[in-house]
Amino acid sequence: LSDLERIDIIRKLLERLDVHHPLRRGRSNQYFYEKHLFHLFQRMKMEDWTAEFLDEKIDQYLKALPTKHGFFYRVNRGKNKKGDPKMARIKEETLRMDRLRAGVHLFDAYQSALHKAGRYDYEDMILWILRAFKNSPLLLRSYQEQYLYFLIDEYQDTNPVQYQLIKLLADKYKNLFVVGDEDQSIYKFRGADIEIILGFQKDYSDARVIRLEQNYRSSQNILKASNAIIRENAS
């Protein structure tokens, strides 16, 4: 799928929406959420999320909203007592979740439009292979036995669908070698999940870990400065 074809397909989805639809209501530009939908659909594929799964997660999030930081009063203020929900903030966040849910529910229509046009996204290629392996153990076994070793570079930038694919392929012989640095995880916007590299030893408890602690690329001043910044990371 080319960029222009993607824009055309998403815009046609938006054009068909009623003016009272959450993605059209109050917007003079009917294409305002075009890029939002593109990134949403891309993320859904990277994570292998279904609309049903996200519906459930949105419901859980909204239910817990009055207990979340920033959505209740922490001190007495006027008529509001400590612990009372901030109704305006909750209403605003609920409307935002309504828009997210509305976008999620356009995912199947987007996929149908791709199929009708004979096109596919980059992420579709990985999902097709992943599902083929899950549905056909013999196919998976043939690829597990075809490749002697797997080496994954920049492992900290792996997204959940890539991780599932790697894990399936290496599951039989545990013949996996990864190289990565959790401090260099910079592709979260592309679906990379830091928990994947942090959980490597949990997934492969007998793995040998080799720490590369000698640096031949950066001067000591650069290392000190970068480490000082990293220490301030919230997570």
If you measure from [atom1] on [X] to [atom2] on [Y], what distance do you get to the nearest 0.5 Å?
| X | Y | atom1 | atom2 | result |
| --- | --- | --- | --- | --- |
| R43 | E123 | CZ | CD | 11.5 Å |
| L223 | N221 | CG | CG | 9.0 Å |
| L17 | Q30 | CG | CD | 9.0 Å |
| T94 | R99 | OG1 | CZ | 11.0 Å |
| L140 | L165 | CG | CG | 9.5 Å |
| Q144 | L168 | CD | CG | 7.5 Å |

Minimum heavy-atom distance between [X] and [Y], given as atom pair plus value:
| X | Y | answer |
| --- | --- | --- |
| G103 | L37 | CA-CD2, 3.7 Å |
| A102 | L23 | CB-CG, 4.1 Å |
| A51 | M44 | N-CE, 4.1 Å |
| I90 | P85 | CD1-CB, 3.6 Å |

Checklist entry - Is there a side-chain contact (heavy atoms from CB on, under 4.5 Å) between Y33 and L106 once you walk through the steps? => result CA-CA 12 Å; Y33 289 107; L106 290 177; over 6 Å; no
Next on the checklist: Tell me if the centroids of the rings in Y149 and F177 come within less than 6.0 Å of each other.
Outcome noted: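 For Y149 and F177, the ring centres are not under 6.0 Å apart.
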Next on the checklist: As a quick check of understanding, evaluate salt bridge (charged side-chain N to carboxylate O under 4.0 Å, His left out) for E93 and R89, giving each step before the final call.
Outcome noted: CA-CA 6 Å; E93 188 67 3; R89 284 289 313 277; 5.6 Å; no
Would you say that [X] contacts [Y] through its side chain, given a criterion of any heavy-atom pair below 4.5 Å between the two side chains?
| X | Y | answer |
| --- | --- | --- |
| F150 | I166 | no |
| Y163 | D203 | yes |
| S112 | H115 | no |
| D124 | L114 | yes |
| L1 | Y120 | no |

With a 4.5 Å cut-off on side-chain heavy-atom distances among I, L, V, M, F, W and Y, is there a chain of contacts connecting [X] to [Y]?
| X | Y | value |
| --- | --- | --- |
| V179 | L176 | no |
| L14 | F41 | yes |
| I9 | F32 | yes |
| M97 | L40 | yes |
| L62 | L100 | yes |

Checklist entry - Using a side-chain heavy atom cutoff under 4.5 Å and only I, L, V, M, F, W and Y, what cluster partners does I210 have? => result L212
Item to check | side-chain hydrogen bond (donor to acceptor under 3.5 Å, both in side chains) contacts touching residues 7-17 (sequence neighbours left out) | outcome: D8-K12, R11-E34, E15-Y31
Next on the checklist: As a quick check of understanding, evaluate side-chain contact (heavy atoms from CB on, under 4.5 Å) for V178 and T158, giving each step before the final call.
Outcome noted: CA-CA 11 Å; V178 306; T158 303; over 6 Å; no
Checklist entry - Any side-chain donor paired with an acceptor under 3.5 Å for E154 and Q156? => result yes
Item to check | Distance-only donor-acceptor check, side chains Q111 and K45, under 3.5 Å | outcome: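 There is such a pair (donor and acceptor under 3.5 Å, judged by atom type) between the side chains of Q111 and K45.
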Next on the checklist: Please check: side-chain N/O of D18 versus main-chain N/O of H20, any donor-acceptor pairing under 3.5 Å?
Outcome noted: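 Checking the backbone N and O of H20 against the side chain of D18, a donor-acceptor pair under 3.5 Å is found.
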Checklist entry - Is the side chain of N159 donor-acceptor paired with the backbone N or O of Q162 at a distance under 3.5 Å, no angle test? => result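 A pair under 3.5 Å: yes.
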Next on the checklist: Surrounding CD of E5 (heavy atoms of other residues, nucleotides or ligands, distance under 6.0 Å), is the total greater than 12?
Outcome noted: yes
Checklist entry - Under 30°, 30 to 60°, or over 60°: which ring-plane class applies to F107 and Y110, parallel, tilted or perpendicular? => result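 F107 vs Y110 ring planes: tilted.
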Item to check | Parallel, tilted or perpendicular: ring planes of Y143 versus Y147, cut at 30 and 60 degrees | outcome: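 Ring orientation, 0 to 90° scale: parallel.
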Item to check | Contact list for residues 19-30, test salt bridge (charged side-chain N to carboxylate O under 4.0 Å, His left out), sequence neighbours left out | outcome: none
Next on the checklist: Salt bridge check, D3 against R6: does any charged N sit closer than 4.0 Å to a carboxylate O?
Outcome noted: yes
Table please: side-chain donor-acceptor pairs of residues 64-79 below 3.5 Å, with sequence neighbours left out.
unit_1: T67; atom_1: OG1; unit_2: A64; atom_2: O; d: 2.7
unit_1: Y73; atom_1: OH; unit_2: N80; atom_2: ND2; d: 3.3
unit_1: N76; atom_1: OD1; unit_2: K82; atom_2: N; d: 2.7

Check residues 126-137 and write down every donor-acceptor pair under 3.5 Å in which the side-chain atom is one partner and the other belongs to a residue at least two apart or another chain.
unit_1: R131; atom_1: NH2; unit_2: D48; atom_2: OD1; d: 2.7
unit_1: K134; atom_1: NZ; unit_2: Q164; atom_2: OE1; d: 2.8
unit_1: N135; atom_1: ND2; unit_2: R131; atom_2: O; d: 3.1
unit_1: S136; atom_1: OG; unit_2: L139; atom_2: N; d: 3.3

For residues 53-60, please give each side-chain donor-acceptor pair under 3.5 Å, one per line with the distance, not counting sequence neighbours.
unit_1: D55; atom_1: OD1; unit_2: R101; atom_2: NH1; d: 2.8
unit_1: D55; atom_1: OD1; unit_2: H105; atom_2: NE2; d: 3.2
unit_1: D55; atom_1: OD2; unit_2: H105; atom_2: NE2; d: 2.8
unit_1: E56; atom_1: OE2; unit_2: Q60; atom_2: NE2; d: 3.4
unit_1: D59; atom_1: OD1; unit_2: R101; atom_2: NH1; d: 3.3
unit_1: D59; atom_1: OD1; unit_2: R101; atom_2: NH2; d: 2.8

